[in-house]
Chemist: 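One structure, as structure tokens, below. Some questions next.
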Amino acid sequence: MRRTLLKKQRNSFQEKVYEKVKRIPKGEVLTYKEVAILAGKPKASIAVGNILNKNRDYKIPCHRVIKSDGSMGGYNRGLRRKAYLLKKEGVVIKDGRVVLFKFG
DNA sequence: GACCTGACTCAAC
DNA sequence: AGTTGAGCCAGGT
């Protein structure tokens with residue numbers, strides 16, 4: 001299983017998602033939709049969330065990915081953690097929602 | 001290979 | 001403004 005999976009993952013949607021998310025600059029956030037678009041599938045926002053959820057990799061700043069609404073969907077390590085990290089990076093959070101950001 | 005799920009989004013009510 | 005239904009995508013069962 002490992003080998004086949006690895007081979008398949010080499011150039012998959014998931015791989016692109018990881019790349020894009022990893023490249024998000026500090027103090028900036030992207031929506032699931034944006035990530036999906038960057039990955040080449042504008043309608044795959046939910047898949048993005050699914051991937052990030054399962055991923056659980058420290059190299060990937062999942063906390064910089066939020067919903068297009070401005071509210072942060074979830075975080076495998078705890079929503080509180082996500083808000084905390086975001087705040088530290090300069091993003092303003094209000095009642096679990098991102099405010100004072102570029103989109104709006 | 002069909003069916004269900006989920007950290008989603010949009011439009012309608 | 002909060003809820004509902006339908007659409008979309010990858011993964012897992």
Side-chain angles (χ1 to χ4, degrees):
Chain A
M1 162 196 173
R2 334 288 193 225
R3 213 165 49 178
T4 345
L5 197 63
L6 234 57
K7 190 175 182 181
K8 187 178 180 183
Q9 281 182 350
R10 200 198 314 168
N11 233 7
S12 73
F13 175 74
Q14 170 182 339
E15 185 70 17
K16 289 182 194 165
V17 171
Y18 289 155
E19 283 300 311
K20 305 304 177 193
V21 175
K22 275 193 287 190
R23 286 190 177 197
I24 302 176
K26 180 182 168 209
E28 186 170 344
V29 299
L30 286 183
T31 66
Y32 292 100
K33 189 178 177 183
E34 289 291 333
V35 174
I37 291 172
L38 292 174
K41 309 236 189 245
K43 304 305 177 75
S45 46
I46 193 171
V48 172
N50 216 339
I51 291 167
L52 294 178
N53 167 24
K54 280 187 141 190
N55 173 45
R56 200 185 312 175
D57 190 342
Y58 286 91
K59 295 180 168 68
I60 302 178
C62 312
H63 63 275
R64 296 202 184 128
V65 185
I66 62 175
K67 302 212 301 187
S68 32
D69 202 341
S71 58
M72 48 182 72
Y75 193 49
N76 51 30
R77 297 191 59 222
L79 227 44
R80 210 209 85 80
R81 190 60 133 191
K82 188 167 180 175
Y84 174 69
L85 293 171
L86 250 37
K87 270 189 186 176
K88 274 184 69 174
E89 295 188 354
V91 181
V92 181
I93 309 292
K94 180 117 185 170
D95 193 31
R97 220 184 117 264
V98 177
V99 296
L100 221 66
F101 194 60
K102 55 183 180 183
F103 59 74

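Letters go in sequence order (proteins before strands), and every chain restarts at 1.
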Chemist: Is A:Lys88 atom NZ crowded by more than 12 heavy atoms from other residues, nucleotides or ligands, each under 6.0 Å away?
Modeler: no
Chemist: Run the side-chain donor-acceptor check on residues 77-85 of chain A: report pairs under 3.5 Å with partners two or more places apart or on a different chain.
Modeler:
unit_1, atom_1, unit_2, atom_2, d
A:Lys82, NZ, A:Val65, O, 2.7
A:Lys82, NZ, A:Gly74, O, 3.0

Chemist: Which residues pass the side-chain contact (heavy atoms from CB on, under 4.5 Å) test with A:Arg23, not counting sequence neighbours?
Modeler: A:Glu19
Chemist: Return a single string for nucleotides 7-13 of chain B, one symbol per nucleotide in 5' to 3' order, where B is base contact, S is sugar-phosphate-only contact and - is none, cutoff 4.0 angstrom on heavy atoms.
Modeler: BBSS---
Chemist: For nucleotides 3-5 of chain C, which of its nitrogen or oxygen atoms have a protein nitrogen or oxygen under 3.5 Å away, and what is each distance?
Modeler:
none

Chemist: With a 4.5 Å cut-off on side-chain heavy atoms, are A:Tyr32 and A:Ile46 touching?
Modeler: no
Chemist: Are the side chain of A:Arg97 and the backbone N or O of A:Gly70 linked by a donor-acceptor pair below 3.5 Å?
Modeler: no
Chemist: Could you pull out the closest heavy-atom pair between A:Glu28 and A:Arg64, with the gap in Å?
Modeler: O-CD, 3.4 Å
Chemist: Going by the rule side-chain contact (heavy atoms from CB on, under 4.5 Å), which residues pair with A:Lys59 if we only count those two or more places apart in sequence or in a different chain?
Modeler: A:Asp57
Chemist: Counting only side-chain nitrogens and oxygens, does A:Gln14 get under 4.0 Å of the OP1 or OP2 atom of C:dA10?
Modeler: no
Chemist: Would you give me the side-chain donor-acceptor pairs under 3.5 Å for residues 33-44 of chain A, sequence neighbours excluded?
Modeler:
none

